[in-house]
Number of protein chains: 2
Amino acid sequence: MADVKHFDPDTVLDTVVRLFWRQGVATTGIQDIVNATGLNRSSLYATFGGKQELYRAALERYVQDRSRFGRLEEDDRGLPAITEFFTGLIETRCTGEFAQWGCMISNAHAGTENGDPAVRAILDRQHQGLRTALHTALLSAQRQGQLADEADPAAAADVLALLAHGVNLRSRAGADAQQLHRTIAAAIAAVAPRA
Amino acid sequence: MADVKHFDPDTVLDTVVRLFWRQGVATTGIQDIVNATGLNRSSLYATFGGKQELYRAALERYVQDRSRFGRLEEDDRGLPAITEFFTGLIETRCTGEFAQWGCMISNAHAGTENGDPAVRAILDRQHQGLRTALHTALLSAQRQGQLADEADPAAAADVLALLAHGVNLRSRAGADAQQLHRTIAAAIAAVAPRA
DNA sequence: ACTATCTTGAAACGAACGTTCCAAGATGAC
DNA sequence: GTCATCTTGGAACGTTCGTTTCAAGATAGT
């Protein structure tokens, strides 16, 4: 009955994610998106709606594709799982394709993006998810005797979840990976029993 | 010989700080600044230069006026000084005039602002300053027997400095002050000797 | 092959952007 | 009071913003 899209919306959305992730929503114009995707404005608006809706979709996509605490939650090794999570995080933030891009979620916290209730809901959901994943991993660690007697898994999870934002921000400004690794290692060591 | 300014540049800059702090540089227009300050565009450009130079000046002013770790550095009580620093930080971030504004420095990390080397230099300087202040306070704590034997003041300072960014980000998205207080208390308690 | 239906290209929209310009106004030195 | 000098008001600059519009093009069902 009708024509079909001449492009793959999933591929396009992935390209858009990278634009918003690196440059932020305020400093990324529709023209930038047209240039990067090769799409026409008509196709863009017909498929995704306006800029704000496109940003929301991109943020959801970012969460689905780039969030790594799902693995953490299923990893029952305890502290090594947490260490691995942060090690991977820092490497992603400091080297390779996404070096100095920060985290799209952390970035959204700092911008005017979070004025949109739908965006703020994503930020909260993501933070709670990370807290829960860390809490689960810490309980697992506790069960395996990897935690000091006085350590509080819930409180430690909150501390580490906040710390992740610090890593994301500082890495975007070019912080040294080694330095971040050392700091996170110290934070994790703080809940372990004395050597 | 000549006319004199009909306004106080210091007062104007303070107003500009609040605009950039709350809304960010990308989403704050020159028109917003004209409206908020009552200045004419001519006076604005003649006094401060363009938007980017104005932002840099505002960021420097923010650091001078709002940075609180100077007090921390001169406070030799040890852990209580650190607790007080974070307590005040969280209150400023969550209640009163600046509630949910976050920290202008943290916000700058997440935006395109940090592409400007002059801006990034301010961010680095500020982070190092906070690390040093915390380190000094922790050494003071250690001298007074407030630290566990195995605690590493330098590493703990790094952890707490990163944590501050977490507080700044999450508070901007409306995080609960009590929750933040509890988390920070746990992080500080982690370096204290077992009760 | 016809046609209904969706997609695409390209131009255009008004509004807002940061910046510049210049005449008019205000000031202090002489 | 005069004059040189800086400041101010306000219009205007060209660009870019996000969005809309519509004719031309492409497709799948009949």
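Each chain gets a letter, A, B and so on, in the order its sequence line appears, and its residues count up from 1. Keep in mind it's a predicted model, so treat the numbers as computed, not measured.
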**Q** Nearest nucleotide by nearest heavy atom, which residue falls closer to the 5' end of DNA chain C, Thr28(B) or Ala2(B)?
**A** Thr28(B)
**Q** Show the nearest heavy-atom pair for residues Phe20(A) and Val25(A), with the distance to one decimal.
**A** CD2-CA, 3.6 Å
**Q** At under 4.0 Å, does any side-chain N or O of Ser43(B) touch on OP1 or OP2 of dT8(D)?
**A** yes
**Q** Does Arg18(A) come within less than 4.0 Å of Asp14(A), counting only side-chain N to carboxylate O?
**A** yes
**Q** If you look at every strand shown and take non-hydrogen atoms under 4.0 Å, does Thr47(A) touch a base, only sugar-phosphate, or nothing?
**A** nothing
**Q** Closest approach to the side chain of Tyr45(B), judged atom by atom: which nucleotide of dA26(D), dT8(D), dT19(C) is it?
**A** dT19(C)
**Q** Would you say the base of dT21(D) and the side-chain of Ser42(A) have a donor-acceptor pair closer than 3.5 Å?
**A** yes
**Q** If you find the nucleotide of DNA chain C closest to Val4(B) and the one closest to Gly29(B), which residue's nucleotide is nearer the 5' end?
**A** Gly29(B)
**Q** Starting at CG of Asp3(A) and ending at P of dA26(D), how long is that distance when rounded to a whole Å?
**A** 8 Å
**Q** Please give, in whole Å, the distance from dT20(D) P to Ile30(A) CD1?
**A** 11 Å
**Q** At less than 3.5 Å, do the side-chain atoms of Arg41(B) and the base atoms of dT20(C) form a donor-acceptor pair?
**A** no
**Q** Could you tell me how the ring of Trp101(A) sits relative to the ring of Trp21(A): parallel (under 30°), tilted (30 to 60°) or perpendicular (over 60°)?
**A** perpendicular
**Q** Could you state the CG-P distance from Leu39(B) to dG9(D), rounded to the nearest angstrom?
**A** 8 Å
**Q** Return the value, rounded to whole Å, for the distance between atom CD1 of Ile33(B) and atom C1' of dA16(C).
**A** 14 Å
**Q** Round to a whole Å and report the spacing from CG of Asn40(A) to C1' of dC22(D).
**A** 12 Å
**Q** In whole Å, what is the span from the NZ atom of Lys51(B) to the C1' atom of dT16(D)?
**A** 13 Å
**Q** Using a cut-off of 6.0 Å, state whether more than 12 heavy atoms not belonging to Arg71(A) lie near its atom CZ.
**A** no
**Q** Between atom CG in Leu44(B) and atom C1' in dC21(C), what is the gap in whole Å?
**A** 16 Å
**Q** Between His127(B) and Leu162(B), is the side chain to side chain contact (heavy atoms under 4.5 Å, CB included) condition met? List the steps.
**A** CA-CA 9 Å; His127(B) 189 73; Leu162(B) 273 196; 4.2 Å; yes
**Q** Take the protein atom CZ of Phe48(A) and the nucleotide atom P of dT20(D), then report the distance between them rounded to whole Å.
**A** 17 Å
